[in-house]
There are 4 protein chains.
Amino acid sequence: MKITDKVKKKDLTQMRQKQILDVATRVFSKKGFASTQVDEIAGLAGLGKGTVYRYFKDKKDLFLSIVDRGIRNLKDLVLEAMAEEKEPLDKIKKAIETYLKFFEKHSYLIRVFIHEQSEFQKRIQKRYYQHYYEHVNKIEEVFKKAQTLGLIKKKIKPKLAIAILTDMLNSFIYTWQLTGQKYSLSESFSLITEIYFTGILEEKDK
Amino acid sequence: MKITDKVKKKDLTQMRQKQILDVATRVFSKKGFASTQVDEIAGLAGLGKGTVYRYFKDKKDLFLSIVDRGIRNLKDLVLEAMAEEKEPLDKIKKAIETYLKFFEKHSYLIRVFIHEQSEFQKRIQKRYYQHYYEHVNKIEEVFKKAQTLGLIKKKIKPKLAIAILTDMLNSFIYTWQLTGQKYSLSESFSLITEIYFTGILEEKDK
Amino acid sequence: MKITDKVKKKDLTQMRQKQILDVATRVFSKKGFASTQVDEIAGLAGLGKGTVYRYFKDKKDLFLSIVDRGIRNLKDLVLEAMAEEKEPLDKIKKAIETYLKFFEKHSYLIRVFIHEQSEFQKRIQKRYYQHYYEHVNKIEEVFKKAQTLGLIKKKIKPKLAIAILTDMLNSFIYTWQLTGQKYSLSESFSLITEIYFTGILEEKDK
Amino acid sequence: MKITDKVKKKDLTQMRQKQILDVATRVFSKKGFASTQVDEIAGLAGLGKGTVYRYFKDKKDLFLSIVDRGIRNLKDLVLEAMAEEKEPLDKIKKAIETYLKFFEKHSYLIRVFIHEQSEFQKRIQKRYYQHYYEHVNKIEEVFKKAQTLGLIKKKIKPKLAIAILTDMLNSFIYTWQLTGQKYSLSESFSLITEIYFTGILEEKDK
DNA sequence: AATGAATGAGGGTTCATTCAT
DNA sequence: AATGAATGAACCCTCATTCAT
């Protein structure tokens, strides 16, 4: 086998995996883990059922791969975006913006993250909460720095405040996605940010 | 059949239904609808599988009955609690407090509410969103009154602000429940309220 | 316990059994054995399910009791009717007439007889074909006598001719009952008799 | 997929369907619809339970497919056989012969036809009585022609006479099958025909 | 490498039968 | 004697997974 063949083979493998993951993300987020059939994923991907099993050990593996890929993407985007800014508060704003934009684009992913926690609690917590909070940790650092600089109320515990922020965002995206735009997206985003910031900022910054 | 027998029969039915609903709530919230087995519910309730089907038409009926009961309880408690207070802001605080206490006691319920939206979107939205927002509508009224009295920023749209509040609370409870009390409940409650209120109140009230 | 009590008790038992058998006949003939639920029989009889089991060992016993009762009634009626006539051919005609009238009145019974033969082949053949053919045997005798008297073609085997007659009648009643009077009852009866008799009688009797 | 593959696939499908239908016909006629287990059919066909469901939507579909196939076969055979003869009476005799031969070969089918009328009354009557009487209509035409030619008594209504003929045949086959050949088939055939014909033919043809 | 036919464990649901009241 | 609540065996059907082609 020539080297170019190996490369081609590797390309094919990656291409197939992406092809399957893309479809699977859509289906899993629409139906949840248990109600999703491998058949449907294969069909929508234009592949045979057996082929899916060539690229993923089983249904669980496929599901967890989606979570994995999502978390990695999200983390990378948020960290990159924060690196672009200098000021702590700007970094936080940018993080929020990026976070929201990510899910605006991949809105179905929020349901995969939220849906099946219980089913895979043990397994997901290893992947999800460890990796997920990689970028959250970075935000925490920034938050602390902002407190040191006197920009944010000192009595607020960073971990908690960020957990609440994340939860607000998650739940907002989830509900928004779920209810089919009960309230407008952009309008709500600014309101959330305003509520959050007007609340956490010291009086002098207002 | 004597009257006392009828009463007894009614009692038994209610008792059995409660017995089953209690167990089912626990199991459904742990595993989600599709992954829950009726067998397990029956077993944990100390009953035979067939008995569950005496009291609930099928698995779906059982699930929706849980949602129903939960929503009714929640609505009643929140409305009663709000009625106890005179001042609008106190009413809102009381509503938040009651809402949180309800889920502190029935924490698993939040997962039933959130979990299976997609599976039952049509059906649940009739029950859930209609009844659920019965008390939310009441809060909205209070919110508007508070705006008229100059207690809350006028530029904030009540519907949206309350949706965000509800989402914050839901997601907070959900995450709190999910992660196994990563952060303390009572501590977070006051923080949420503080963030929310400090943000929405006019300067003069601070 | 006084004797009158014993009598009363026996009466009650018989009354209950008749009450149940009457309903059961209707339901079994409408739905067949396997698709009939004991619950429905009990309900329609205005009794509790458990009561049915006090009077019949199980579902099978109930079903076979219907067959039993039907066969006994039929046999008695046919034999009595034949006894009323003197001439062999009149006896046969009377038998046919009685047979048809019986099922005209208890049309549903034919389905019970025909329906579940396979299910109970072994058991029913003992009851059904033994007892059923008790009156058939009587007809056979008459048939032979008619042959001896030169009234019926001698080359026809009595057993076979009667089997065919019985089958014609059974099938006619069954189909008539099943299709809901596709063709008129009385009209067809006379035609059957005519075809059958015109066929079996010697030329000189025509 | 190559064309030969498509052909193979089609062959396999047809082969499997036949394989299952053959077994199912036997089992359904022995036990009736409700008492038949899909498991048993699968087992006797040397297939897994799931495979049966690949080829038939459900138990009902399988059952009705049997009825369908049977009716189509019977109709085709009878019509072909009648076409071979010129004279009306010969056509009728041929139809009777073919009808009997068909059920001699597929004797169990008669029970499937007769058994579950109640269960599927609506559905079967559409398939059964519409298609079934397709060839019966043809016989009716022939019957009328024979009357015009003076071969059959004019006072007999064709529809009724044929219904009775069909019933005689059905019931004869059914009973013959049921009782395990209590009387010989071929012998009875000629007797039936003789009885039927000697009865319906005008004197001059005797 | 790709396929999809075949499989059977698994789970929802029914209903004959039992038994405490 | 009568009841009907409780039960669990039985049976239909689905779908993740395997494997021969």
> Which whole-number value in Å describes the distance from D:Q17 CD to E:dA5 P?
Replying inline: 12 Å
> What one-letter contact string describes nucleotides 12-18 of chain F from 5' to 3', where B marks a base within less than 4.0 Å of any protein heavy atom, S marks contact via sugar-phosphate atoms alone, and - marks no contact?
Replying inline: SBBSSBB
> Counting a pair only when it is Watson-Crick or G-U and both distances are under 3.5 Å, which runs of at least 3 such pairs involve DNA chain F?
Replying inline: E:2-21 with F:2-21
>> Which residues pass the salt bridge (charged side-chain N to carboxylate O under 4.0 Å, His left out) test with D:R54, not counting sequence neighbours?
In response: none
> Atom OG of A:S65 and atom OH of A:Y55: how far apart are they, to the nearest 0.5 Å?
Replying inline: 14.0 Å
> What pair of heavy atoms forms the shortest contact from A:G32 to A:T36, and how long is it?
Replying inline: O-OG1, 2.7 Å
>> Nearest whole Å is fine: how far is E:dG4 P from D:D11 CG?
In response: 17 Å
> Given atom CG of D:L12 and atom P of F:dA20, what is their separation to the nearest angstrom?
Replying inline: 16 Å
> How close or far is atom C1' of E:dA2 from atom CD1 of A:I41, stated in whole angstroms?
Replying inline: 18 Å
> Base, sugar-phosphate, or nothing: which does D:R16 touch, judged by heavy atoms less than 4.0 Å apart?
Replying inline: sugar-phosphate
> So, for A:Y53 and A:D58, which heavy atoms are closest and what is the spacing to 0.1 Å?
Replying inline: CE2-CA, 3.9 Å
> Atom CD of B:E40 to atom P of E:dG10: distance rounded to whole Å?
Replying inline: 15 Å
>> Go nucleotide by nucleotide along DNA chain F from the 5' end; which of C:G46 and B:G46 gets its closest nucleotide reached first?
In response: C:G46
> Once the angle between the rings of A:F63 and A:F33 is folded into 0 to 90°, is it parallel (under 30°), tilted (30 to 60°) or perpendicular (over 60°)?
Replying inline: perpendicular
Could you give the side-chain donor-acceptor pairs of residues 37-47 of chain A under 3.5 Å, partners two or more places apart or in another chain?
unit_1 : atom_1 : unit_2 : atom_2 : d
A:D39  : OD1    : A:K49  : NZ     : 3.4
A:E40  : OE1    : A:K31  : NZ     : 2.8

>> Within this structure, what is the CD-CG distance for the pair D:Q17 and D:L12, rounded to the nearest 0.5 Å?
In response: 10.0 Å
> In whole Å, what is the span from the CZ atom of B:F28 to the P atom of E:dG11?
Replying inline: 14 Å
>> I'd like to check the salt bridge (charged side-chain N to carboxylate O under 4.0 Å, His left out) partners of B:R69; sequence neighbours left out, ordered by chain and number.
In response: B:D22
> How many Å lie between CZ on C:F63 and C1' on E:dA16, as a whole number?
Replying inline: 16 Å
>> On DNA chain E, compare the nucleotides closest to D:L47 and A:Y55; which residue's is nearer the 5' end?
In response: A:Y55
>> Using whole Å, what does the distance between atom C1' of nucleotide E:dG11 and atom NZ of B:K31 come to?
In response: 12 Å
> What residues, two or more places apart in sequence or in another chain, satisfy side-chain hydrogen bond (donor to acceptor under 3.5 Å, both in side chains) together with D:R16?
Replying inline: D:Q19
